[in-house]
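Please read the structure below before turning to the comments.
Heavy-atom basis, side chains included; hydrogens, waters and symmetry copies ignored.
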Amino acid sequence: MIAAAPPVLDQGCASAPVLRERGQREVFCGLTGIVWLHRKMPDAFFLVVGSRTCAHLLQSAAGVMIFAEPRFATAIIEERDLAGLADANEELDRVVRRLLARRPEIRTLFLVGSCPSEVIKLDLARAAQRLAGAFLPDVRIVNYSGSGIETTFTQGEDACLASLVPFMPEAAAGAEPELLIVGALPDIVEDQLLRLVRDLGIARVACLPARESRALPSVGPNTRFLLAQPFLGDTAQALEDRGAVHLSAPFPFGAEGTTDWLHAAARAFGIDEMHFRSVVAPGRERAKRALEHSRAQLEGKRIFFLPDSQLELPLARFLHRELGMVPVEVGTPYLHRAHMAPELAQLPEATVISEGQDVDRQLDRVRASRPDITVCGLGLANPLEAEGFTTKWAIELVFSPIHGFDQAGDLAELFARPIRRRDVLRV
Ligand code: SF4
């Protein structure tokens with residue numbers, strides 16, 4: 001008798017080799033996270049301790065927002081401060097006291113480290129502790145680093161959220177299981193996802209960050225958490241260190257991604273399969289219909305992602321699985337193998353997965369492979385357009401609402417639009 005060969009499971013890129021590159025990089029530092037984090041936590045203030053360069057970065061990244069009442073600022077380290085650290089500490093305390101006296105509505109103050117504060121070894125963790133005593137319980141003072149030495153772009157959010165985990169209250173022993181959704185989402189998207197989770201029958205659900213920065217959810221061994229964003233490695237680790245359990249899932253992009261993400265929660269909370277299907281069906285169908293609009297532009301098109309936000313792998317999976325695009329190379333600033341396993345398994349085997357950057361070599365690969373669309377930062381987009389490449393600015397993917405069923409169509413449109421524009425302008 002001939003034994004049937006075991007079925008070959010399609011592993012996609014699950015065990016594919018990763019091209020690791022280190023060299024010249026074209027990425028933001030983690031300070032940029034402040035631009036969306038301060039909107040998510042309206043009672044928090046972000047005080048960057050850095051140089052004029054850091055202030056300029058925030059000013060250009062935040063654009064018009066700096067004209068509204070700002071909830072972020074830079075305490076600029078002057079040359080005088082470099083002369084003696086003792087003075088720098090005193091100066092910082094003075095700036096904080098003045099700020100908090102002037103802005104009594106602030107409930108959480110983040111002291112955000114930068115390259116200069118790190119290089120001169122200004123101990124902001126100590127400063128946060130020193131100042132905490134004077135302002136608790138009205139204001140909580142927390143510290144994290146958004147420096148370019150330690151963080152790339154969205155990793156600033158990871159560092160910020162991880163810094164909040166120690167302040168989360170301990171969940172009572174034997175408490176009912178609770179679901180925690182981790183990652184800053186626009187309020188409208190968060191509301192949609194919370195509604196779906198509650199409709200599934202999971203009543204105890206909370207978010208990190210919380211909209212009221214002082215009302216942090218509790219955490220403990222009965223916490224099950226879903227990551228809403230792919231760049232939260234340190235936050236996940238900090239939650240696990242407090243006993244919480246990570247629910248592995250693809251990220252909630254597109255009809256399938258959002259279904260699978262919700263499914264992970266449904267399984268962990270013992271939700272009946274039929275009930276699960278009936279709750280997700282309307283949103284899933286809506287999302288699928290919305291995607292049709294962009295399919296004509298995207299199907300069969302080849303896409304190249306330069307590293308930027310760590311959203312690259314989940315987005316490549318979404319574009320491949322749900323719109324038939326062909327990923328050529330998917331670059332990410334940092335690859336968290338465990339968190340990305342469900343994404344990697346769904347990418348076609350021929351995809352090059354790269355981590356880190358040597359920008360000139362990567363641009364050579366862009367030129368050699370001639371993709372239909374290249375996703376990259378603002379610094380590279382126009383030069384590539386001038387060479388005849390169609391590009392998509394990666395930063396828009398971080399600032400636009402793109403998660404969940406109701407944003408799936410808009411997300412596909414972000415990629416379809418540059419291709420459509422190119423076709424319209426082509427003579
Ligand atoms: S933190 Fe570092 S990389 Fe970011 S703006 Fe300041 S000096 Fe530049």
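- For R102, the CZ atom is loosely surrounded, since the number of other residues' heavy atoms within 6.0 Å does not exceed 12.
- E349 approaches G12 most closely through the heavy-atom pair CG-O, 3.1 Å.
- A donor-acceptor contact shorter than 3.5 Å is absent between the side chain of R103 and the backbone of F45.
- Looking at S145 and E118, their side chains do bring a donor and an acceptor atom within 3.5 Å of each other.
- Aromatic ring pairs are classed by plane angle as parallel below 30°, tilted from 30° to 60° and perpendicular above 60°; the pair F399 and W36 is perpendicular.
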Where do Q357 and E21 land on the side-chain contact (heavy atoms from CB on, under 4.5 Å) test, with the steps shown first? CA-CA 5 Å; Q357 191 171 44; E21 288 193 312; 5.7 Å; no
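- In this structure, the side chain of T151 does not engage the main chain of G156 through any donor-acceptor pair within 3.5 Å.
- C376 places a side-chain heavy atom less than 4.5 Å from the side chain of L384.
- F72 and F46 have their aromatic ring centers separated by at least 6.0 angstrom.
- The shortest side-chain heavy-atom distance between M340 and P314 falls under the 4.5 Å cut-off.
- Formation of a donor-acceptor pair under 3.5 Å by the R365 side chain with backbone atoms of F304 is not found in this model.
- The existence of a salt bridge linking D187 and R211 is confirmed by a sub-4.0 Å separation between a basic side-chain nitrogen and an acidic carboxylate oxygen.
- You'll find the side chain of N89 reaches within 4.5 Å of the side chain of L122, heavy atoms only.
- Salt bridge annotation for E256-K288: present, with a cationic side-chain nitrogen under 4.0 angstrom from a carboxylate oxygen.
- Scanning both residues, R317 and P250, for their nearest heavy atoms gives NH2-CB, 3.9 Å.
- Q129 contributes no side-chain N or O that, together with a main-chain N or O of A125, makes up a donor-acceptor pair within less than 3.5 Å.
- No donor-acceptor pair under 3.5 Å is formed between the side chain of R214 and the backbone N or O of D43.
- Donor-acceptor pairing under 3.5 Å is lacking for the side chains of D358 and Q362.
- Between the side chain of T154 and the main chain of S309, a donor-acceptor pair closer than 3.5 Å is present.
- Under 4.0 Å is where a charged nitrogen must lie from a carboxylate oxygen, and between E273 and R277 at least one such pair does.
- G113 and L31 get closest at one heavy-atom pair: O-CD2, 3.9 Å.
- Here the CZ atom belonging to F253 is positioned 7.0 Å from the CG atom belonging to L411, to the nearest 0.5 angstrom.
- Open room surrounds CD1 on I188; 12 or fewer heavy atoms of other groups in view lie less than 6.0 Å from it.
- Checked by atom type and distance alone, the side chain of S400 pairs as donor or acceptor with a backbone atom of E396 at under 3.5 Å.
- Atom CG of L291 is separated from atom CD of E413 by 10.5 Å, given to the nearest 0.5 angstrom.
- Judged purely by atom type and a 3.5 angstrom limit, D158 uses its side chain to pair as donor or acceptor with the backbone of D234.
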Trace of the side-chain contact (heavy atoms from CB on, under 4.5 Å) decision for R140 with L216: CA-CA 12 Å; R140 177 182 285 146; L216 286 172; 3.4 Å; yes
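- Between F415 atom CZ and M325 atom CE the span is 7.5 Å, to the nearest 0.5 Å.
- Side-chain contact check for V165 versus D241: every heavy-atom pair is 4.5 Å or farther apart.
- With E322 contributing its side chain and A255 its backbone, the two residues share a donor-acceptor pair below 3.5 Å.
- Salt bridge absent: K392 and D308 never bring a charged side-chain N and a carboxylate O closer than 4.0 Å.
- Nearest heavy atoms, P327 versus H320: CD-ND1, 4.0 Å.
- In this pair, H336 and H339 present their aromatic rings parallel. The plane angle is below 30°, not in the 30 to 60° band.
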Are L311 and V398 close enough, and set up right, to give a side-chain contact (heavy atoms from CB on, under 4.5 Å), and what steps lead you there? CA-CA 8 Å; L311 289 162; V398 176; 3.8 Å; yes
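- A donor-acceptor pair under 3.5 Å links the side-chain atoms of N143 to the main chain of L111, judged by distance alone.
- Expressed to the nearest 0.5 Å, how far CD1 of I141 lies from CG of L124 amounts to 11.5 Å.
- The nearest pair of heavy atoms linking L344 to R337 is CD1-NH1, 3.6 Å.
- The closest side-chain donor-acceptor pair between T223 and R242, if any, does not fall under 3.5 angstrom.
- In terms of heavy-atom proximity, H56 sits nearest to S60 at O-OG, 2.6 Å.
- Other residues, nucleotides and ligands place more than 12 heavy atoms under 6.0 Å from the CD atom of E240.
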side-chain contact (heavy atoms from CB on, under 4.5 Å), that's the test. Do F110 and V48 meet it? Break it down for me. CA-CA 8 Å; F110 289 98; V48 176; over 6 Å; no
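- The one candidate from R195, H403, K40 that meets the side-chain hydrogen bond (donor to acceptor under 3.5 Å, both in side chains) condition with E190 is K40.
- In this structure, CG on L208 lies 8.5 Å from CG on L232, to the nearest 0.5 angstrom.
- Taken from OG in S354 to CG in L306, the straight-line distance is 7.5 Å, to the nearest 0.5 Å.
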